[in-house]
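Just so we're clear, the structure is a prediction, and the values are computed from it rather than from any experiment.
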Amino acid sequence: MDDISANRRNLIKTIEKCHKNSFYSSFSVPNLIAVSKQQPDNKIENALKAGHRIFGENKIQDGIKRWSNLLDV
């Protein structure tokens with residue numbers, strides 16, 4: 001989980017820095033979307049434990065299967 005947590009923190013810092021220095025700085029900071037396609041459930045669980053809540057799935061069928069098992073994490 002430490003790698004996922006550290007990567008998430010670094011990405012969010014980079015997004016915030018780029019946003020602050022951009023033409024769009026008056027708008028809200030963009031969200032980081034984790035793409036969970038073809039990732040094992042343990043990585044998704046670690047991302048959830050690290051505080052990440054916005055995920056993207058390629059197919060709704062895959063999302064339903066995956067997230068029905070992970071919603072309690």
**Study point:** Short side-chain to backbone donor-acceptor contact, Ser25 and Asn21, under 3.5 Å
**Key:** no
Review point. Which distance, rounded to the nearest 0.5 Å, do you find between the NE2 of His19 and the OG of Ser26?
Key: 7.5 Å
Practice item. Without swapping roles, check the side chain of Arg53 against the backbone of Leu48 for a donor-acceptor pair under 3.5 Å. Key: yes
Check your understanding: Distance from Tyr24 atom OH to Cys18 atom SG, nearest 0.5 Å?
Key -> 14.0 Å
Practice item. Supply the atom-to-atom distance Ile33 CD1 to Ile54 CD1, rounded to the nearest 0.5 angstrom. Key: 6.5 Å
Check your understanding: Can you tell which of Asp62, Asn69, Leu70 makes a side chain to side chain contact (heavy atoms under 4.5 Å, CB included) with Arg66?
Key -> Leu70
Check your understanding: Rounded to the nearest 0.5 Å, how far apart are NZ of Lys37 and CG of Asn58?
Key -> 4.0 Å
Study note, to complete from the structure: Contacts of Ile15 meeting side-chain contact (heavy atoms from CB on, under 4.5 Å) (sequence neighbours excluded), chain-then-number -> Val29, Pro30, Leu32
**Study point:** NZ-CG distance between Lys43 and Asp41, expressed to the nearest 0.5 angstrom
**Key:** 12.0 Å
**Study point:** Side-chain donor/acceptor of His52 to backbone N/O of Ile4, under 3.5 Å
**Key:** no
Point to revise | From CG (Asn10) to OG1 (Thr14), nearest 0.5 Å | key: 6.5 Å
Review point. Just by distance, do the side chain of Ser36 and the backbone of Glu57 share a donor-acceptor pair under 3.5 Å?
Key: no
